[in-house]
Visitor: 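Structure incoming, see below.
Numbers here simply count residues along the sequence, with the first being 1. In listed order, ligands and their atoms are each counted from 1.
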Amino acid sequence: MPARMIPYSLPPLPVDAALAQAAAFADRMRQRRSCRAFSPEVVPREMIVELVRTAHSAPSGANRQPWRFVAVDDPDIKHQIRLAAEAEERESYGRRMPREWLEALEPIGTDAHKPFLDMAPWLIVVFRIDWEEIDGRRFKSYYPSESVGIAVGLFLTACHLAGLATLTHTPSPMNFLRDILGRPANEKPYLLIPVGRPAPDAVAPDLPRKPLETVLQFNRG
Ligand code: IYR
């Protein structure tokens, strides 16, 4: 059945003002960096609610909203996640990742040691839901990876604008997150995002962006 249609409009914004806002926003977002050293400073639970509210505004295939955000601040659960993630990462760095991949990570300087999983005040574990059962009927998600990716993009943006650092962490494989957090089989761990203030001595590698002309084309190439 078609949904009821409601009016949609945006407040008027002169092109010059819109351009200035877009440029200022681009500058602000370019300051975002992946962070691997967090301050233990507390981030209130209400903040996580607002950040996830933004993520939850994302568009999704057939409006299925195929995401679940599990927010963890319990030190014991965080530590359990750290131990499991580091066990997988030791295997990955020591055996599973081919040389080419290890070389690609050299400039970033990562290894199997993940102290930020204890230190960050919050770990946000994002799950992708490929199907859901409602009243005994199975509903398939459409484009779940794209949908959850967009939601995560909005989440990272909301964190940055709230003065919070994030890391898009992918311990691999990460099914241990489903077991530790008690999520059902139709929820697939998608990304683990530590959130908090950067540690006072946090650093980020000085990595260049490709020139914009190399990633943006107008019309035909
Ligand atoms: N998951 C590992 C390895 C890793 C992979 C990529 I691709 C990165 O951009 C960074 C790290 C880890 O988190 O260390």
Side-chain angles (χ1 to χ4, degrees), residues 29-40 43 51 55 67-128 144-160 164-181 183 187-199 201-212 214-215:
M29 287 314 297
R30 277 179 62 115
Q31 289 165 5
R32 184 199 167 272
R33 299 303 309 269
S34 290
C35 182
R36 293 181 172 81
F38 290 85
S39 149
V43 171
L51 300 168
W67 42 68
R68 161 137 2 244
F69 293 80
V70 178
V72 179
D73 68 344
D74 180 311
D76 294 334
I77 306 176
K78 286 196 292 180
H79 193 60
Q80 221 182 317
I81 290 174
R82 176 183 179 179
L83 294 182
E86 287 184 331
E88 290 294 357
E89 295 290 41
R90 275 194 298 275
E91 271 300 300
S92 290
Y93 280 89
R95 269 177 274 276
R96 290 195 284 245
M97 286 152 81
R99 195 160 49 87
E100 191 188 335
W101 191 351
L102 293 171
E103 277 170 17
L105 293 181
E106 260 173 34
I108 304 173
T110 54
D111 58 25
H113 192 223
K114 305 297 178 195
F116 52 77
L117 295 175
D118 277 323
M119 284 308 280
W122 289 97
L123 302 181
I124 310 300
V125 185
V126 187
F127 291 84
R128 187 188 83 197
S145 291
E146 290 84 348
S147 304
V148 182
I150 296 166
V152 165
L154 291 177
F155 181 78
L156 300 178
T157 305
C159 288
H160 181 64
L164 294 170
T166 47
L167 175 69
T168 49
H169 180 42
T170 51
S172 161
M174 49 180 168
N175 277 341
F176 65 85
L177 291 167
R178 185 157 55 197
D179 301 333
I180 292 176
L181 300 173
R183 298 312 311 162
E187 299 190 11
K188 195 168 180 331
Y190 181 86
L191 210 52
L192 200 178
I193 311 176
V195 175
R197 294 283 301 163
D201 59 351
V203 291
D206 186 12
L207 300 173
R209 287 274 155 185
K210 293 177 185 173
L212 199 60
T214 66
V215 302

Visitor: Within a reach of under 6.0 Å around CD of Glu103, are more than 12 heavy atoms found that belong to other residues, nucleotides or ligands?
Guide: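 Enclosed.
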
Visitor: Near ligand 1, which residues have a heavy atom under 4.0 Å away from one of its atoms?
Guide: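 These residues qualify: Glu89, Tyr93, Trp101, Leu105, Thr110, Asp111, Lys114, His169, Thr170.
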
Visitor: Taking Arg82 first and then Asp118, would you say they form a salt bridge - that is, a charged N and a carboxylate O separated by under 4.0 Å?
Guide: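 A salt bridge links Arg82 with Asp118.
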
Visitor: Hey, is the main chain of Gly153 close enough, under 3.5 Å, to the side chain of Thr157 for a donor-acceptor pair?
Guide: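 Such a contact is found between Thr157 side chain and Gly153 backbone.
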
Visitor: List the atom pairs, donor and acceptor, that lie under 3.5 Å between side-chain atoms in residues 167-174 and the rest of the protein, sequence neighbours left out.
Guide:
none

Visitor: Taking Arg197 for the side chain and Val43 for the main chain, is one N or O donor matched with an acceptor at less than 3.5 Å?
Guide: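 Judged by distance alone, no pair lies under 3.5 Å.
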
Visitor: Are any of the side-chain nitrogens in Arg68 or Glu187 under 4.0 Å away from the carboxylate oxygens of its partner?
Guide: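 Salt bridge present between Arg68 and Glu187.
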
